[in-house]
Amino acid sequence: MRRGVRVALDIGDARIGVASSDPHGILATPVETVRRGPGDLDRIVTLVHDLEAFEVVVGLPRSLNGGEGPAAVRIRETTELIRQKLVASEAARDDNQIATDGVEQVRTTAVRMVDERFTTVTAERMLRERGKKGAKRRAVVDQAAAVVILQHALDFERETGNPPGRPL
């Protein structure tokens, strides 16, 4: 199991749910819900840096037969924008330079995409069972879905020894 904090994103049209893991990769916890709009991706990059995450795991919605629809295309596009912003912000950070054999390299945060089938349904059910209703549930369901995505990814890596999903 690789050590370090991971951040998970549940990207939707209206909100992005954010969760993070502990440095040992055992437990996923909710962080915040970022409202979509101006500055949303900058906020995600800030959270990734503030949490000192080495990896971002993004849920990719697939159909039951494993195919990808329009939502998956939008999420792939948004994920690529986040990856580009991470690369640019990491290159600009002086403290992120590491010397290897006299050559400076920029450390970059890995971005991986994982199957998120049923995560929102699972999150909705968990919140309903805990008594969250209506607007209160909608306010946190994206965070809860990000927790489900990340916990599944952590469990997968712990069980198989392989990183979850596919790198972007």
Side-chain angles (χ1 to χ4, degrees), residues 1-62 68-117 119-120 142-158 160-168:
M1 184 79 176
R2 299 168 301 153
R3 290 185 44 92
V5 173
R6 293 144 176 97
V7 167
L9 304 176
D10 178 53
I11 300 174
D13 291 331
R15 296 173 300 276
I16 300 173
V18 183
S20 70
S21 73
D22 62 286
H24 302 288
I26 296 170
L27 185 63
T29 56
V31 174
E32 82 178 58
T33 300
V34 177
R35 194 165 287 293
R36 295 302 305 268
D40 57 348
L41 303 185
D42 293 326
R43 177 64 185 149
I44 297 298
V45 170
T46 298
L47 287 169
V48 170
H49 289 313
D50 289 352
L51 293 165
E52 299 179 357
F54 80 93
E55 184 170 78
V56 177
V57 177
V58 180
L60 181 66
R62 294 185 177 270
E68 294 183 13
V73 171
R74 286 192 306 274
I75 288 172
R76 281 188 183 280
E77 291 168 352
T78 301
T79 303
E80 176 58 23
L81 292 173
I82 292 168
R83 188 194 66 74
Q84 290 172 7
K85 283 182 172 285
L86 281 167
V87 168
S89 69
E90 290 165 353
R93 293 167 61 120
D94 291 339
D95 63 345
N96 206 28
Q97 300 294 322
I98 54 173
T100 307
D101 298 329
V103 177
E104 287 197 354
Q105 295 178 328
V106 177
R107 249 183 297 198
T108 58
T109 304
V111 178
R112 303 186 73 82
M113 302 199 79
V114 298
D115 187 344
E116 71 156 21
R117 277 180 274 195
T119 56
T120 300
D142 301 292
Q143 287 178 51
V147 167
V148 172
I149 290 166
L150 185 53
Q151 192 63 57
H152 181 266
L154 296 170
D155 294 345
F156 176 86
E157 185 168 338
R158 196 171 20 267
T160 67
N162 296 314
R166 298 193 179 273
L168 184 62

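All values derive from a computational prediction rather than experimental measurement. Just the heavy atoms: all of them, side chains too, but no hydrogens, waters or symmetry mates, feed the values below.
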Please name all residues satisfying salt bridge (charged side-chain N to carboxylate O under 4.0 Å, His left out) with [X], sequence neighbours left out, ordered by chain then number.
X     : result
Glu55 : Arg2, Arg6
Glu77 : none
Asp42 : Lys85

*May I ask you to check whether over 12 heavy atoms, not counting those of Glu52, lie within 6.0 Å of atom CD?*
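Count not over threshold, so no.
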Under 3.5 Å, side chain of [X] to main-chain N/O of [Y], donor-acceptor pair present?
X      : Y      : value
Arg36  : Gly12  : yes
Arg35  : Arg15  : no
Arg158 : Gly25  : yes
Asp155 : His152 : no
Gln151 : Ile26  : yes
Glu157 : Met1   : no

_side-chain contact (heavy atoms from CB on, under 4.5 Å), that's the test. Do Leu47 and Val34 meet it? Break it down for me._
CA-CA 10 Å; Leu47 287 169; Val34 177; 4.2 Å; yes
Pairwise side-chain contact, [X] with [Y], heavy-atom cut-off 4.5 Å (strictly under):
X      : Y      : answer
Ile82  : Leu9   : yes
Leu168 : Glu80  : yes
Asp115 : Leu60  : no
Ser21  : Leu27  : no
Thr29  : Val147 : no
Ile16  : Asp10  : no

Shortest non-hydrogen contact from [X] toward [Y]:
X      : Y     : result
Ala146 : Gly17 : CB-O, 3.5 Å
Gln143 : Pro30 : OE1-CB, 3.2 Å
Thr108 : Glu90 : CA-OE1, 2.9 Å
Ile75  : Ile11 : CD1-O, 3.4 Å
Ser89  : Val45 : OG-CG1, 3.4 Å
Val7   : Ala53 : CG2-CB, 3.6 Å

*asked:* Check Arg62 with Glu116, please: is the shortest side-chain N to carboxylate O separation under 4.0 Å?
replied: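 Looking at Glu116 and Arg62, the cut-off is not met.
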Reported [atom1]-to-[atom2] distance for the pair [X] and [Y], which is rounded to 0.5 angstrom:
X      : Y     : atom1 : atom2 : result
His24  : Arg3  : NE2   : CZ    : 4.5 Å
Thr109 : His49 : OG1   : NE2   : 6.0 Å
Thr78  : Leu41 : OG1   : CG    : 6.5 Å

*Report the C-alpha distance between Val114 and Val58 in whole Å, list the side-chain angles of each, state the deciding distance to 0.1 Å, and finish with yes or no for side-chain contact (heavy atoms from CB on, under 4.5 Å).*
CA-CA 6 Å; Val114 298; Val58 180; over 6 Å; no
